[in-house]
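Just so it is clear, the structure is predicted and the values come from calculations on it, not from any experiment. Excluded from the calculations below are hydrogen atoms, water molecules and symmetry mates; all remaining heavy atoms, backbone and side chain alike, are included.
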Amino acid sequence: LSTSAGWFRRLLHKPKPSSVERSLNAGSSASSSPSSSSAGSSGSSPSTAAARSVRPSPIAVPDINASGSARWDKSYDVCICHSEVDLELVEELVSYLEAQPESLRCFLQLRDAAPGSAVMTELCDAVQNSHCWVMLITPGFLRDPWCRYQMHQALAEAPMANGRTIPVLKDVDRKDYPRELRSLYYIYMALKESSFRQIRDTVVR
């Protein structure tokens, strides 16, 4: 009994953490909690979801230009899936990516497809020979059956995505976002310059 009483006395007289310690602990807990936003959450607009999303902290990226890099296993770093009506914007994006220090290799269908080849064959080859795929989802993309087909080919190539499928939304309501992609985080294109930079960082990562 005396041992138990001594234990309770020590417990009752144990110093409480200071307010500074409590605030530090609270801050640490908050910063380590994951973001609650995701592309699959319902009832939020793309701009709202993008505002809530957490930018990944900078990570050490291996030298993708090294001769032994897995980069050279495929013909292209990124395949841009887009509607023909968005060609002007896509050409700007491709010029930006190819001008980066990494000289990213982009597949742009109207520029890189072999004349005389079947459209379906070219689309499938581009998907298989690219490390990742940027889906520029616009109203034109949603209306274009070839864009849908290419999207499904990309998802079939990497069913679990693993960061290889990069949806980029522009002028599309959240309710119109393709169901097939709702499990993936997306980039919402508001300011072109910052969106291009985010796409580049995602491809390199």
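Transitive grouping of hydrophobic side chains (ILVMFWY, heavy atoms separated by less than 4.5 Å) keeps Ile80 and Trp146 in distinct clusters. Tyr149 and Met151 fall into different hydrophobic clusters, where Ile, Leu, Val, Met, Phe, Trp and Tyr residues are linked whenever their side-chain heavy atoms come under 4.5 Å apart, directly or through other members.
Between the Arg164 side chain and the Trp133 main chain, no donor and acceptor come within less than 3.5 Å of each other. Within the 3.5 Å criterion, the main-chain N or O of Leu181 finds a donor-acceptor partner in the side chain of Tyr177. Using a distance-only test at 3.5 Å, with no hydrogens or angles considered, no donor-acceptor pair links the side chain of Asp173 to the main chain of Lys175.
Asp176 contributes atom CG, which lies 9.5 Å from atom CG of Leu169 (distance to the nearest 0.5 angstrom). For the atom pair CD of Gln109 and SG of Cys147, the computed distance is 8.5 Å after rounding to the nearest 0.5 Å. Atoms OG and OH, on Ser195 and Tyr96 in that order, are 10.5 Å from each other to the nearest 0.5 Å. Distance check, rounded to the nearest 0.5 Å: CD of Glu92 to CD of Glu193 gives 11.5 Å. For the atom pair CD1 of Ile187 and CZ of Arg197, the computed distance is 11.5 Å after rounding to the nearest 0.5 Å. With rounding to the nearest 0.5 angstrom, the CG atom of Leu123 is 11.0 Å from the OG atom of Ser117.
Ion pairing between a basic and an acidic side chain is recognised when a charged N comes within 4.0 Å of a carboxylate O; Glu122 and Arg111 show no such pairing.
Contact check for Gln198 versus Met189: no side-chain heavy atoms found under the 4.5 Å cut-off. At least one side-chain heavy atom of Asp125 sits under 4.5 Å from a side-chain heavy atom of Gln128. No side-chain heavy atom of Arg200 sits less than 4.5 Å from a side-chain heavy atom of Phe196. Taking the side chain as every heavy atom from C-beta outward, Tyr188 and Lys170 never approach each other to under 4.5 Å.
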_Gln150/Val127 under side chain to side chain contact (heavy atoms under 4.5 Å, CB included): CA gap, chis, key distance, verdict_ = CA-CA 8 Å; Gln150 200 168 5; Val127 167; 4.0 Å; yes
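The minimum heavy-atom distance linking Pro178 with Ile137 is given by the pair CD-CG2, 4.0 Å. The minimum heavy-atom distance linking Ser103 with Asp77 is given by the pair O-OD2, 4.3 Å. The minimum heavy-atom distance between Phe141 and Leu136, with the atom names listed, is CD1-O, 3.2 Å. Between Arg71 and His131, the shortest heavy-atom distance links the atoms O-NE2, 2.8 Å. Between Asn129 and Lys74, the closest heavy-atom pair is O-CB, 3.5 Å. Across every non-hydrogen atom of Arg105 and Ser75, the tightest pair is NH1-O, 3.0 Å.
Checked against salt bridge (charged side-chain N to carboxylate O under 4.0 Å, His left out), Glu180 has the following partners two or more places apart in sequence or in another chain: Arg148.
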Pairs of donor and acceptor atoms involving the side chains of residues 81-89, under 3.5 Å and at least two apart or interchain, shall be tabulated with distances.
| from | atom 1 | to | atom 2 | distance (Å) |
| --- | --- | --- | --- | --- |
| Ser83 | OG | Val85 | N | 3.3 |
| Asp86 | OD2 | Thr138 | OG1 | 2.4 |

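Phe107 and Tyr76 have perpendicular rings, their planes meeting at more than 60° on a 0 to 90° scale where under 30° would count as parallel.
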